[in-house]
Amino acid sequence: MKISRRETLLLGSASLALPLLPTLGLGCTPGGAGEPAGEACPAEATGFQHPAGAMQVAYLEVVTGDVAGVCKAYEEVHGLAFGQPDAALGSARTAKLPGGGLLGVRAPLRDTETPIVRPYFLVEDIRAAVDAAAEAGAQIALPPMELPGYGTCAIFLLGGVEHGLWQQAAVKA
């Protein structure tokens with residue numbers, strides 16, 4: 001039996017992601033009224049609750065020196081369609097992800113910025129989330145910053161990893 005390159009990539013990604021699920025708190029259940037108590041969500045310790053009790057990636061940022069090559073690979077491997085560079089997102093080329101998230105691929109914005117993949121997790125109250133991260137020992141690398149038309153983002157450093165937070169823009173009536 002021959003395994004395709006795509007199947008190899010998917011299996012490799014899954015084998016790397018599965019051990020991280022408990023660490024990220026994905027699938028935790030707070031055990032509210034009428035629900036069986038499940039594994040406690042890590043956010044419960046701080047009093048901050050993320051949407052629907054589970055983490056959701058709102059924006060996945062890829063910083064690379066080869067934007068065209070990465071976009072082409074993602075188009076071929078995952079069937080995504082990237083748009084033109086968006087100045088509001090650091091000139092990232094973006095593609096919509098299944099489930100409503102957005103993937104952005106951009107070049108470094110300064111000489112000292114290194115390649116990175118940074119997920120921005122959706123939060124209801126970015127200021128409360130930043131405060132909770134700081135209380136947990138995180139260093140705030142980027143305080144809440146509005147991105148017109150998209151929402152507000154923030155970045156914190158903890159455990160040698162950059163973590164992103166994202167609050168969606170309010171919908172205008």
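Residue pairs meeting the salt bridge (Lys or Arg N to Asp or Glu O under 4.0 Å) criterion with at least one partner in residues 158-170, sequence neighbours excluded, are Arg118-Glu162. A side-chain hydrogen bond (donor to acceptor under 3.5 Å, both in side chains) check over residues 137-161, counting only residues at least two apart or in different chains, returns the pairs Asp86-Tyr150. Applying the ring pair (Phe, Tyr, Trp, His ring centres under 6.0 Å) definition to pairs two or more places apart or across chains, none involves residues 87-107.
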Under 3.5 Å, side-chain donor or acceptor atoms of residues 102-112 against the rest of the protein: list the pairs with distances, not counting sequence neighbours.
| from | atom 1 | to | atom 2 | distance (Å) |
| --- | --- | --- | --- | --- |
| Arg106 | NE | Glu61 | OE2 | 2.8 |
| Arg106 | NH1 | Glu113 | OE1 | 3.0 |
| Arg106 | NH1 | Glu113 | OE2 | 3.3 |
| Arg106 | NH2 | Glu61 | OE2 | 3.3 |
| Arg106 | NH2 | Glu113 | OE2 | 2.7 |
| Arg110 | NE | Thr112 | OG1 | 3.1 |

Can you give each donor-acceptor pair under 3.5 Å made by side-chain atoms of residues 89-100, sequence neighbours left out, with the distance rounded to 0.1 Å?
| from | atom 1 | to | atom 2 | distance (Å) |
| --- | --- | --- | --- | --- |
| Arg93 | NE | Gly83 | O | 3.0 |

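One N or O on the side chain of Gln167 and one on the backbone of Ile126 form a donor-acceptor pair closer than 3.5 Å.
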Practice item. Before giving the answer on side-chain contact (heavy atoms from CB on, under 4.5 Å), spell out for Tyr74 and Val62 the whole-Å C-alpha distance, their side-chain angles and the decisive distance to 0.1 Å. Key: CA-CA 11 Å; Tyr74 286 176; Val62 177; 4.1 Å; yes
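Contacts of Phe82 classified as ring pair (Phe, Tyr, Trp, His ring centres under 6.0 Å), with partners at least two apart in sequence or in another chain: none. Scanning for ring pair (Phe, Tyr, Trp, His ring centres under 6.0 Å) contacts around Phe156 gives His163, with sequence neighbours left out. Partners of Ala134 by side chain to side chain contact (heavy atoms under 4.5 Å, CB included), not counting sequence neighbours, listed by chain and number: Ile140.
Between the CG atom in Leu147 and the SG atom in Cys153 there is a gap of 4.5 Å [rounded to 0.5 Å].
No option in Leu165, Val130, Ile155 other than Val130 meets the side chain to side chain contact (heavy atoms under 4.5 Å, CB included) test with Pro144.
When all heavy atoms are compared, the tightest approach of Pro143 to Ala154 is C-CB, 4.1 Å.
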